[in-house]
Amino acid sequence: MSPFWLNLQRIEQVLELMSGVYIHIPFCRQACIYCNFHFKNGKHGANEMMDALLMEIDVRFNKKPFQLETLYFGGGTPSFLAPDDIKRLIDKVLEKFDADKPLEITLEANPDDMVLENLQAWKAMGITRFSVGVQSFFDEHLKWMNRAHTSNEAEQALQLASEMGFDLSLDLIFGIPGSSPKMHLANLEKAMTFNVQHLSSYGLTLEDNTPWKKLVSTKAYPTPDDKLAAEEFELTMDFMSKAGWVHYEISNYSKPGKMAIHNTSYWKEKHYIGIGPSAHSYDGNTRSWNIADNNAYVQAIKEGNLPLTVETLGASEKFNEYVMTGLRTMWGIDRSKLNSFGVDTSGVETLIERFEKKNWIEVDGNSIKLTREGKFYADSIASDFFV
C-alpha cells in the first residue's frame, strides 16, 4: 500500500466493467455512540466540500463513459445536506453518461430529515430508494445510542416515504445493551407494519475511535453482550424466514426481487468508484481510498490532486477477499474457482471436510455455502480459508 497525491489530469481508471458510484457525505447532525465512519458534526465547510466533490466527479469521469447501474449516497448523513446540494451531485454524475438513468439511486437518510418538503424534493431529482437509519423503535435505545431522532419520527418518516412510492431499506441494530429478544422481536414486527422492501440488521460492535469505546474504558458504559447478540441474530433469521424474505447476505434481508443492487455489486466483485473523503474504489486489481480528512481532501482537490492510498491486490489478497465476501452471501463461493487465483490451496479440501462435519458449510456441486449454524461463525470460517 502506498499513499500519494495523484494529479487529477493524469488519473486513469478501468471503467468498462464499472457498476456503481458511491459518494461520501462527511457531515452529521450529531455523533452516534457506536459509529467509526468518517464524518464531522455540523455543516462547517459544506460549501467547500460540495465544490471539491463536483470537481472530483468531473475529472474521474472525463470522457470515460460506462454503464452506470447504481448511485449511492452514504456517510455521514447525506440527508443532512440541503436537497439542492444532493441534486447538484446527481446532475453532475448523470451528465457524464449517455445511457439511461441508473437502476437505483439510494440516499442514506435519518428519519428526522425525512419531512414532506425534503421527500418531495428528493423524489423530483430522481432518488428511488432510501436506506433509513432507524436502528430501533424504542426511545431508550435511541437515547443510549445518541441518535438524533425519536421512534415517533421514524414511524412518521417510514409511513410518509412509503405513501410517496419510494423503495425503503430499514436499518436495525441488535445486541443493544439493555435490550432483550422480546424488544428486538417488537422492532422487527414494527418494521413489517410499513411497506419496507429491505432490511439491514447489524450486530452492535465496539469499534475503535468511537464515543462508546472511550466510555467503556472509563467504566461508564457496558461492553457488548455477545450472548444477547447471538440470540437476537437467530431471532432475526427465524422471523424474516417466516415472513418469506430472502436472507441473501449475513446482515441483509429482502423481499424477493428487492435485493440492494448497489451493495450486491460489492459482494459480486463488480467495480465501483468512490467520491469524497474516505471513499473507496475498486477496479479488480487495486483498491484505493481517499484521505479521511475533510480539510486535506478539499485542499488537495483545489490544488489539482487526488489524495489516495492505493493497494495493489496480489493473488492471495484476491483469493482471501473472494472467500470472505462470497461466504457472507447466499450464493457462496465456487469450489472450482478457488484454484484459479494461483495460490496454494492444498489445505482447502481438508477445511471443507472439517466444516461439513461441523455442519457449518454445505457443498452442492461446486457451490460452498454457510449453513444456518455456520452464519454464527462466518468470519472465523473465512479466516481459516485465508492464504
Side-chain angles (χ1 to χ4, degrees), residues 169-175 179-181 184-185 187-189 191-192 197-205 224-260 263-269 316 318-341 343-387:
S169 176
L170 188 151
D171 287 0
L172 287 179
I173 289 178
F174 60 83
S179 183
S180 67
H184 186 60
L185 177 61
N187 272 332
L188 293 169
E189 290 174 339
M192 294 301 104
Q197 297 83 31
H198 189 278
L199 173 72
S200 294
S201 183
Y202 302 104
L204 189 63
T205 56
D225 185 335
D226 293 339
K227 181 180 178 182
L228 173 66
E231 290 178 358
E232 293 186 349
F233 177 48
E234 185 169 27
L235 187 157
T236 305
M237 288 193 289
D238 286 340
F239 183 90
M240 301 311 294
S241 176
K242 290 177 182 177
W245 285 44
V246 181
H247 189 187
Y248 71 101
E249 195 271 344
I250 288 286
S251 301
N252 288 277
Y253 308 78
S254 77
K255 289 182 176 180
K258 285 295 183 178
M259 291 179 287
N263 300 73
T264 300
S265 70
Y266 296 156
W267 304 316
K268 290 199 168 185
E269 301 179 285
S316 59
K318 290 180 181 180
F319 176 91
N320 293 347
E321 188 156 315
Y322 172 69
V323 169
M324 180 178 66
T325 56
L327 280 177
R328 291 182 62 87
T329 72
M330 69 178 188
W331 305 283
I333 56 177
D334 187 340
R335 192 176 195 169
S336 63
K337 187 176 179 177
L338 296 178
N339 293 321
S340 69
F341 292 90
V343 298
D344 180 10
T345 58
S346 57
V348 165
E349 293 303 318
T350 300
L351 283 173
I352 292 174
E353 183 178 345
R354 184 207 308 173
F355 292 138
E356 274 194 295
K357 287 181 178 178
K358 288 187 174 184
N359 193 35
W360 287 1
I361 65 171
E362 58 184 9
V363 180
D364 182 10
N366 282 326
S367 178
I368 302 172
K369 304 176 185 178
L370 294 179
T371 62
R372 175 188 173 85
E373 186 176 354
K375 290 183 173 69
F376 290 92
Y377 308 99
D379 291 342
S380 175
I381 294 169
S383 64
D384 281 351
F385 275 99
F386 286 173
V387 297

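Worth saying up front: this structure is predicted, and the values here are computed from it rather than measured.
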Not counting sequence neighbours, which residues clear side-chain hydrogen bond (donor to acceptor under 3.5 Å, both in side chains) with [X]? List them please.
X	value
Arg335	Glu349
Lys258	Asp167
Asp344	Ser346

Exercise. Taking only Lys NZ, Arg NE, NH1 and NH2, and the carboxylate oxygens of Asp or Glu, determine whether Glu249 and Arg328 approach each other closer than 4.0 Å.
Key: yes
Enclosure of Asp379 CG (heavy-atom neighbours >12, cutoff 6.0 Å): no
The salt bridge (charged side-chain N to carboxylate O under 4.0 Å, His left out) partners of Glu356 (sequence neighbours excluded) come to none
Salt bridge (charged side-chain N to carboxylate O under 4.0 Å, His left out) filter on Lys227, not counting sequence neighbours, yields none
Is any side-chain heavy atom of [X] closer than 4.5 Å to a side-chain heavy atom of [Y]?
X	Y	answer
His247	Leu199	no
Leu338	Val323	yes
Met237	Tyr253	yes

Residues at least two apart in sequence or cross-chain that pass side chain to side chain contact (heavy atoms under 4.5 Å, CB included) with Tyr377, listed by chain then number, are Trp360, Glu373, Ile381
Review point. Just checking, is any N or O donor in the side chain of Ser179 or His184 under 3.5 Å from an acceptor N or O on the other one?
Key: no
- Over-ring placement of Lys375 relative to Phe233, 6.0 Å and 45° cut-offs: no
Between Asn320 and Val387, is there a donor-acceptor pair closer than 3.5 Å when you use the side chain of the first and the backbone of the second? yes
Donor-acceptor contact below 3.5 Å, side chain Ser241 vs main chain Asp238: no
Please confirm whether His198 and Tyr248 have ring centers closer than 6.0 angstrom. yes
